[in-house]
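A short write-up of the structure that comes next.
Just so it is clear, the values below take in all heavy atoms, side chains as well, and ignore hydrogens, waters and symmetry mates. Just so you know, these numbers come straight off a predicted model, no measurement behind them.
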Amino acid sequence: MGSRASTLLREEEIEEIKKETGFSHSQITRLYSRFTSLDKGENGTLSREDFQRIPELAINPLGDRIINAFFLEGEDQVNFRGFMRMLAHFRPVEDNEKNKDPAGSEPLNSRTNKLLFAFRLYDLDRDDKISRDELLQVLRMMVGVNISDEQLGSIADRTIQEADQNGDNSISFTEFIKVLEKVDVEQKMSIRFLH
């Protein structure tokens, strides 16, 4: 499995990834090239260390949280398909995709799935709610030492007070969606991939 030739994409794999993610054939082949250039172990998977070599993630205060999102619980490698599924969350929503798939499942780049991705960056313990401590940890990651702990605490308290509708002193996914209902998530959480 270590040789590059054995890790080449087959046409049927490309078609399956197209259906699952909405990426075009050329986008998939271009992203596969990027994937293989990151795959320092040449084993068809990426490790956390491979992701940490991406300069934009290395300097992003939430880089570790974003990297962790690529890995399933208990896994330390991600294959190309998993890589593409995660990147699909950041694919812009095209006009012809605005409506939900009649077959039932929402596309990975839907507003709800983009919000769920963002929510999980804050939900550090994966208990489906954002506590004050989790919010504080993420705020600290984002602002570093530029704001005092007292100011951060005040921001966290105010955020939870405004978002918390059921009085449990945390933010559920439903409350998270409500707070962000006027935010253009589709635009803010989209990366333009070359066609």
Side-chain angles (χ1 to χ4, degrees), residues 1 4 6-58 60 62-128 138 173 176-177 180 184-195:
M1 191 167 219
R4 290 279 175 192
S6 68
T7 59
L8 291 176
L9 278 180
R10 294 187 326 272
E11 203 56 43
E12 57 267 20
E13 288 176 295
I14 292 173
E15 287 306 312
E16 288 171 10
I17 292 169
K18 269 174 68 172
K19 277 189 202 122
E20 192 174 1
T21 65
F23 282 113
S24 70
H25 190 287
S26 64
Q27 288 171 323
I28 293 168
T29 54
R30 205 170 287 118
L31 287 165
Y32 185 72
S33 174
R34 179 71 170 137
F35 178 88
T36 56
S37 73
L38 290 170
D39 178 13
K40 297 303 178 199
E42 296 189 8
N43 60 1
T45 63
L46 297 180
S47 67
R48 283 177 171 75
E49 293 74 32
D50 292 328
F51 278 98
Q52 289 164 344
R53 285 191 205 74
I54 301 170
E56 295 82 359
L57 286 175
N60 187 320
L62 294 178
D64 284 341
R65 298 291 309 142
I66 294 167
I67 291 168
N68 285 339
F70 278 86
F71 296 88
L72 297 173
E73 188 86 32
E75 297 286 321
D76 61 355
Q77 301 284 311
V78 64
N79 64 17
F80 182 65
R81 196 133 184 194
F83 176 76
M84 291 302 291
R85 267 195 299 271
M86 195 52 62
L87 286 181
H89 289 90
F90 299 100
R91 196 173 60 76
V93 176
E94 307 297 333
D95 288 337
N96 61 354
E97 295 178 307
K98 294 268 192 225
N99 299 325
K100 197 171 157 180
D101 175 7
S105 67
E106 285 194 25
L108 293 170
N109 66 332
S110 70
R111 177 179 178 81
T112 300
N113 282 326
K114 286 178 185 285
L115 285 169
L116 186 57
F117 181 91
F119 180 82
R120 288 180 175 153
L121 292 179
Y122 289 89
D123 182 16
L124 303 176
D125 64 5
R126 296 184 171 192
D127 67 349
D128 296 326
V138 174
F173 182 57
F176 188 77
I177 289 173
L180 295 172
D184 187 358
V185 173
E186 288 86 348
Q187 191 271 328
K188 291 189 182 312
M189 286 188 66
S190 291
I191 299 171
R192 295 276 167 215
F193 295 94
L194 299 174
H195 294 296

Minimum side-chain heavy-atom gap [X]-[Y] below 4.5 Å:
X   : Y   : result
F80 : I28 : yes
R34 : I54 : yes
Q52 : D64 : yes
Q77 : L46 : no
R81 : E20 : yes
V78 : T45 : no
L87 : T21 : no

For this session: Decide yes or no on side chain to side chain contact (heavy atoms under 4.5 Å, CB included) for F35 and D50, but give the supporting numbers first.
Result: CA-CA 10 Å; F35 178 88; D50 292 328; over 6 Å; no
List the atom of [X], the atom of [Y], and the distance in Å for their closest heavy-atom pair.
X    : Y    : value
G44  : D39  : N-OD2, 2.7 Å
A69  : F117 : CB-CE1, 3.5 Å
R53  : L38  : NH1-O, 4.4 Å
L180 : L115 : CD1-CD2, 3.6 Å
R126 : N68  : NH2-O, 4.4 Å
N109 : P92  : ND2-O, 3.2 Å

Exercise. Does the pair F23 and K18 meet the rule for a side chain to side chain contact (heavy atoms under 4.5 Å, CB included), with working shown?
Worked result: CA-CA 5 Å; F23 282 113; K18 269 174 68 172; 5.7 Å; no
For this session: Just say parallel, tilted or perpendicular for the rings of F71 and F51, cut-offs at 30° and 60°.
Result: perpendicular
Exercise. In a check of side chain to side chain contact (heavy atoms under 4.5 Å, CB included) between V138 and each of L124, D123, L121, which one passes?
Worked result: L124
Taking [Y]'s backbone N and O only, do any of them form a donor-acceptor pair with [X]'s side chain (distance below 3.5 Å, no angle check)?
X    : Y    : value
Q27  : S24  : yes
T29  : H25  : yes
R85  : I17  : no
N113 : S110 : no
K114 : R91  : yes

For this session: Evaluate whether atom CZ of R120 has more than 12 neighbouring non-hydrogen atoms of other residues, nucleotides or ligands under 6.0 angstrom away.
Result: no
Exercise. For F70, does the CZ atom sit with more than 12 other heavy atoms under 6.0 Å from it, leaving out its own atoms?
Worked result: yes
Exercise. Is any side-chain N of the basic residue among E13 and R10 closer than 4.0 Å to the acidic one's carboxylate O?
Worked result: yes
